Amino acid sequence: MRQLTITLLLLACITNSVHAADYTSYSGAQLFQRFCAACHGAEARGDGPVASSLNVQVPNLHQLSQRNRGEFPAARIAQIIDGRTVLKPHGSRLMPVWGDEFLRSEAGDPVAERETADMIQKIVEYLRSIQNMPVK
């Protein structure tokens, strides 16, 4: 029952038919709020309303660089978002929360694929912009 509740909450965070074109004008921060904040929190600190229902600790995304020896892992973050790097809370490769959701009704459309890649890049750059700065 708990897993069903989590699944329903995650699905509520994503529309059934996400069209990349509907979100191309969004900034990275707006995309993050729309697609990530339910789990990661409005401030990306791992405290979203769904976070306490998960069996894993949702990471504080301000610490990505810190956890990667001071370097922001942009390529890895993009792969997590688009589903190439599987994280259990994000779903399997057969049903990822991210990249394929944006393309579901537009698969194979090069314009939609480019728009999706641009949106993912905006989220990556937003996450880069919120990294904790090292204390000197």
Side-chain angles (χ1 to χ4, degrees):
M1 183 65 168
R2 180 182 171 132
Q3 196 141 23
L4 176 61
T5 302
I6 293 169
T7 301
L8 291 174
L9 285 170
L10 287 173
L11 289 175
C13 297
I14 302 170
T15 60
N16 287 335
S17 180
V18 175
H19 297 280
D22 295 341
Y23 299 98
T24 56
S25 65
Y26 280 39
S27 69
Q30 290 170 317
L31 290 166
F32 180 87
Q33 291 304 313
R34 174 68 179 90
F35 295 105
C36 313
C39 294
H40 291 284
E43 299 295 323
R45 299 198 186 279
D47 58 354
V50 177
S52 64
S53 300
L54 299 175
N55 291 330
V56 297
Q57 182 176 357
V58 178
N60 179 338
L61 298 179
H62 290 261
Q63 299 173 343
L64 295 169
S65 292
Q66 181 180 331
R67 291 192 310 257
N68 194 50
R69 290 174 258 123
E71 189 170 321
F72 183 72
R76 177 164 160 59
I77 299 305
Q79 290 173 345
I80 290 169
I81 293 170
D82 74 12
R84 285 181 285 165
T85 297
V86 178
L87 295 179
K88 189 175 179 180
H90 286 193
S92 70
R93 287 191 57 87
L94 297 176
M95 191 175 175
V97 173
W98 292 105
D100 284 349
E101 263 313 311
F102 289 117
L103 292 172
R104 182 154 299 182
S105 66
E106 304 169 86
D109 178 348
V111 173
E113 290 175 9
R114 186 175 50 254
E115 289 171 343
T116 299
D118 290 345
M119 290 166 44
I120 290 169
Q121 190 58 38
K122 286 180 183 180
I123 297 170
V124 169
E125 290 308 315
Y126 168 70
L127 294 174
R128 182 190 310 269
S129 76
I130 65 168
Q131 295 306 290
N132 292 339
M133 302 305 277
V135 178
K136 294 182 179 183

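Only heavy atoms go into these numbers, but all of them, side chains included; no hydrogens, no water, no symmetry mates. This one's a predicted model, so the numbers in the text were calculated from it and none came from an experiment. Numbers here are sequence positions counted from 1.
The line from CG of Asp118 to CZ of Arg114 is 7.5 Å long, rounded to the nearest 0.5 Å. With rounding to the nearest 0.5 angstrom, the CD1 atom of Ile77 is 13.5 Å from the OH atom of Tyr126.
Considering every non-hydrogen atom in both Ser52 and Pro49, the closest pair reads OG-O, 4.2 Å. Taking each heavy atom of Val124 and Phe72 in turn, the nearest pair found is O-CZ, 3.6 Å. The minimum heavy-atom distance between Pro59 and Arg67, with the atom names listed, is CB-NH2, 3.7 Å. Taking each heavy atom of Leu31 and Met119 in turn, the nearest pair found is CD1-O, 3.5 Å. The two residues Cys39 and Ala51 have their closest heavy-atom pair at O-CB, 3.5 Å. Taking every heavy atom of both residues into account, Ile123 and Cys36 meet most closely at CG2-SG, 4.5 Å.
Arg45 pairs by the side chain to side chain contact (heavy atoms under 4.5 Å, CB included) definition with Glu43, Asp47, Asn60, His62, not counting sequence neighbours. By the side-chain hydrogen bond (donor to acceptor under 3.5 Å, both in side chains) test, Gln66 pairs with no residue at all, sequence neighbours left out. Among residues two or more places apart in sequence or in another chain, the side chain to side chain contact (heavy atoms under 4.5 Å, CB included) test is passed with Ala42 by Gln33.
The backbone N or O of Asn132 sits nowhere less than 3.5 Å from a side-chain atom of Gln63 that would complete a donor-acceptor pair. Remark: side-chain polar atoms of Gln30 are paired, donor with acceptor, to backbone N or O of Ser27 under 3.5 angstrom.
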Give the intermediate values and the outcome of salt bridge (Lys or Arg N to Asp or Glu O under 4.0 Å) for residues Lys122 and Glu125. CA-CA 5 Å; Lys122 286 180 183 180; Glu125 290 308 315; over 6 Å; no
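Using a 4.5 Å cut-off on side-chain heavy atoms (C-beta onward), Phe32 and Ile130 make no contact.
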